[in-house]
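Written below as structure tokens is the structure these notes are about.
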There are 2 protein chains.
Amino acid sequence: MTNPKPYNPNDYDRPSVTVDVVLFTILDGTLQVLLIKRKLDPFAGQWAFPGGFVRITESLDDAAYRELQEETGVAREAVYLEQLYTFGDPDRDPRMRIITVAYFALVGADKIPQLRSGDDAADARWFSAYNPPPLAFDHSEILAYAITRLRYKLEYSAVGFQLLPETFTLRELQQAYEIVLDEKLDKRNFRNKLRKADVVEPTPHFRDSGGRPARLYRFKADAVAEVKTRRLFP
Amino acid sequence: MTNPKPYNPNDYDRPSVTVDVVLFTILDGTLQVLLIKRKLDPFAGQWAFPGGFVRITESLDDAAYRELQEETGVAREAVYLEQLYTFGDPDRDPRMRIITVAYFALVGADKIPQLRSGDDAADARWFSAYNPPPLAFDHSEILAYAITRLRYKLEYSAVGFQLLPETFTLRELQQAYEIVLDEKLDKRNFRNKLRKADVVEPTPHFRDSGGRPARLYRFKADAVAEVKTRRLFP
DNA sequence: TACTGATAGTGTGACAATAACACTATTCCA
DNA sequence: TGGAATAGTGTTATTGTCACACTATCAGTA
């Protein structure tokens with residue numbers, strides 16, 4: 001980007017740039033990730049994240065939203081999306097140099113009616129994020145990184161709500177946290193802290209669940225949902 | 001990255017890819033960032049981060065280390081470096097589409113003997129990170145993001161030591177934290193917490209500093225220097 | 001040699017956050 | 001109407017955080 005070399009990118013072979021989107025949801029009590037079956041080589045028949053080449057006039061974010069829309073039908077407004085990391089190992093694609101900007105995305109299970117976990121005929125399917133099929137390219141590495149980021153964000157922000165439908169019971173919310181963090185949480189502490197954080201509000205509706213019906217809550221739109229980190233030093 | 005479109009990147013104009021490195025140190029009691037004066041248009045005469053095109057056979061990290069070495073003489077072993085974020089707005093460079101993978105780097109002030117703050121003749125100079133000169137491209141935005149990341153990392157990891165010489169007094173360490181976080185810290189609390197974190201060890205040497213000499217410490221190589229974040233939910 | 005200026009170094013107590021823990025309430029169904 | 005199933009609620013012990021002030025050691029100088 002600077003001197004003293006003359007500034008002419010054509011002096012170099014140029015890598016290609018793609019975006020790949022790791023889209024999570026919670027479905028059937030597990031964390032699921034959306035994968036698409038590759039039809040062509042390399043890795044034909046294997047599964048990969050939705051993604052594709054960045055167009056010359058669109059931003060990286062736009063490219064990610066566009067690929068998500070094109071390949072999975074998930075609308076821009078329905079997802080939480082943020083840049084994850086850029087993977088650029090020279091031989092991550094066996095044919096040519098491709099640098100991919102990976103994105104991390106969350107969607108509520110109610111926003112994706114057309115896809116069904118277990119529908120093997122489809123090109124696009126949800127898979128367990130912890131037990132995915134063999135993935136193309138370096139997508140296993142990307143998935144591991146995305147899961148780490150998800151856990152991490154869950155602890156200090158309120159993105160977790162993006163994994164749930166618009167309204168949810170407190171039990172469903174707690175289970176979502178337990179599924180992602182892979183640990184059991186205490187019901188009373190969870191609710192106490194939730195109350196203090198002031199990020200959900202009750203709706204007048206209830207969900208039947210075999211016993212006493214549970215009140216449905218929604219995420220408070222105006223909630224400031226970050227938390228101070230505990231400092232290593234004061 | 002996937003189907004069903006035929007997989008041929010030459011169908012699209014390709015963006016170019018660069019790396020840019022935001023290198024920080026602490027010098028003369030302030031947080032400083034290394035900038036290089038551009039000789040050519042666009043933005044000739046303005047300042048920019050060290051960086052350049054990613055070669056077709058090198059990884060992104062390697063490109064960042066290489067540019068740092070080439071443009072500033074800072075050796076790979078002497079710096080802490082991590083990927084920051086990828087900036088890819090279509091018009092961030094006025095001439096053509098350039099996507100840049102920004103890196104974030106820290107170096108101890110003792111590792112850079114050849115550069116001097118205030119030496120205006122040089123191509124490469126240290127500037128106050130909080131009061132930089134006008135920067136080329138979107139580098140102001142990148143700098144702001146890097147400072148945010150630096151503050152953030154300081155709070156839950158031990159990267160702060162990378163900003164100091166090999167050995168340092170506890171006062172110098174505290175001042176480094178105060179400079180970066182831009183707030184005053186309590187001496188006793190700082191030392192108490194440092195003791196509990198168990199990340200530094202005393203050396204047998206002292207530094208003269210006008211009054212009672214201060215013991216020099218070094219960072220413990222085996223220190224596990226992450227801290228649990230305070231959770232939004234238990 | 002003792003006094004002064006300058007910086008190094010050390011501990012405690014009040015307050016806030018966290019974590020462990022068990023019972024009552026409401027609904028459905030047999 | 002009693003039992004199965006799930007919802008919902010508060011208190012206490014422990015731990016972490018934060019505010020706060022004095023003694024120690026060195027250099028220089030009267």
Side-chain angles (χ1 to χ4, degrees), chain A residues 29 154-158 164-165 167-179 181-218 224-234, chain B residues 29 154-158 164-165 167-179 181-218 224-234:
Chain A
L154 225 53
E155 299 203 337
Y156 69 89
S157 80
L164 290 172
T167 65
F168 45 83
T169 68
L170 297 187
R171 182 175 203 241
E172 287 163 356
L173 180 61
Q174 180 176 343
Q175 283 178 337
Y177 272 78
E178 290 177 339
I179 287 163
L181 298 176
D182 195 27
E183 67 182 285
K184 204 109 177 65
L185 303 178
D186 178 85
K187 180 159 72 158
R188 274 173 297 183
N189 289 342
F190 185 81
R191 289 168 188 231
N192 286 346
K193 207 156 181 179
L194 196 55
R195 196 182 348 269
K196 199 151 40 136
D198 191 35
V199 289
V200 297
E201 59 190 7
T203 72
H205 306 107
F206 291 82
R207 169 145 29 238
D208 264 33
S209 49
R212 172 177 172 180
R215 183 176 286 277
L216 287 166
Y217 288 79
R218 82 162 60 82
V224 193
E226 292 250 330
V227 105
K228 285 197 248 1
T229 60
R230 174 179 302 165
R231 284 200 190 161
L232 186 52
F233 305 116
Chain B
L154 225 52
E155 300 202 338
Y156 69 89
S157 80
L164 291 172
T167 65
F168 45 84
T169 67
L170 297 187
R171 184 177 201 238
E172 289 164 354
L173 180 61
Q174 182 176 342
Q175 283 178 337
Y177 271 78
E178 290 177 338
I179 287 164
L181 298 176
D182 194 28
E183 66 182 286
K184 202 106 178 67
L185 303 177
D186 178 87
K187 181 159 72 160
R188 273 173 298 182
N189 289 342
F190 185 82
R191 288 168 188 231
N192 286 346
K193 208 156 181 179
L194 196 54
R195 193 179 353 267
K196 200 153 37 142
D198 191 35
V199 289
V200 297
E201 60 190 7
T203 73
H205 306 108
F206 291 81
R207 167 137 42 230
D208 263 34
S209 49
R212 172 175 171 179
R215 183 177 285 277
L216 289 165
Y217 288 79
R218 81 162 60 83
V224 192
E226 292 250 332
V227 104
K228 284 199 245 9
T229 61
R230 172 179 301 162
R231 284 200 190 163
L232 188 51
F233 305 117

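Scope of the values below: all heavy atoms of this structure, side chains included, with no hydrogens, waters or symmetry mates. None of the values given here were measured: they were computed from a predicted structure. Reminder, nothing fancy here: chain letters follow the sequence lines and each chain counts from 1.
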task: Could you give me the CA-CA distance, side-chain angles and deciding distance for A/Thr167 and A/His205, then say whether side chain to side chain contact (heavy atoms under 4.5 Å, CB included) is met?
output: CA-CA 9 Å; A/Thr167 65; A/His205 306 107; over 6 Å; no
- request: Calculate the interatomic distance between A/Phe206 atom CZ and C/dC28 atom P; express it in whole Å.
  value: 12 Å
- request: Provide the closest heavy-atom pair for A/Arg215 versus A/Pro204 in the form atom of the first, atom of the second, distance.
  value: NH1-CA, 4.0 Å
query: So, is A/Lys193 close to the C/dT18 phosphate, meaning a side-chain N or O under 4.0 Å from OP1 or OP2?
result: yes
Base versus backbone protein contacts along nucleotides 24-30 of chain D [heavy-atom cut-off under 4.0 Å; B, S, -]: BBB----
- request: Respond yes when some side-chain nitrogen or oxygen of A/Arg188 is under 4.0 Å from OP1 or OP2 of C/dC21, and no when none is.
  value: no
message: If you assign each of A/Arg195 and A/Ser209 to its closest nucleotide in DNA chain D, which residue comes earlier from the 5' end?
response: A/Ser209
statement: Rounded to whole Å, CZ of A/Arg207 lies from C1' of C/dC28 at a distance of 18 Å
- prompt: Between atom CG in A/Leu194 and atom C1' in C/dT18, what is the gap in whole Å?
  reply: 16 Å
task: Measure the distance from CD on A/Gln174 to P on D/dG8 and round it to the nearest whole Å.
output: 12 Å
field: Gap between atoms CG and C1', on B/Asn192 and C/dA8 respectively (whole Å)
entry: 15 Å
Heavy-atom pair with the smallest gap, counting every atom of A/Ser209 and A/Ala214: OG-N, 4.3 Å
message: Please find the pair of heavy atoms, one from B/Gln174 and one from B/Asp186, that lie closest to each other, and give the distance.
response: NE2-C, 4.0 Å
field: Taking every non-hydrogen atom, the tightest pair across B/Tyr177 and B/Leu154
entry: CE2-CG, 3.4 Å
- prompt: Any idea which of D/dC20, D/dT11, C/dG11 is nearest the B/Asp186 side chain?
  reply: D/dC20
message: Can you see if the side chain of B/Arg191 gets near the phosphate of C/dG9 - specifically, an N or O under 4.0 Å from OP1 or OP2?
response: yes
- request: Report the distance from atom NZ of B/Lys184 to atom C1' of D/dC20, rounded to the nearest whole Å.
  value: 14 Å
Value in whole Å for how far the P atom of C/dT26 lies from CZ of A/Arg215: 13 Å
message: Using the side-chain heavy atoms of B/Asn189, tell me which of these nucleotides is nearest: C/dG11, D/dG10, C/dA8.
response: C/dG11
task: Could I get the full list of salt bridge (charged side-chain N to carboxylate O under 4.0 Å, His left out) partners for B/Lys184, not counting sequence neighbours?
output: B/Glu178
query: Counting side-chain heavy atoms from C-beta on, which of D/dA7, C/dA8, D/dC20 comes nearest to A/Ala214?
result: D/dA7
field: Between C/dT26 (C1') and A/Leu170 (CG): distance, integer Å
entry: 16 Å
Non-hydrogen atoms of B/Leu164 and B/Ala176 that approach each other most closely: CD2-CB, 4.1 Å
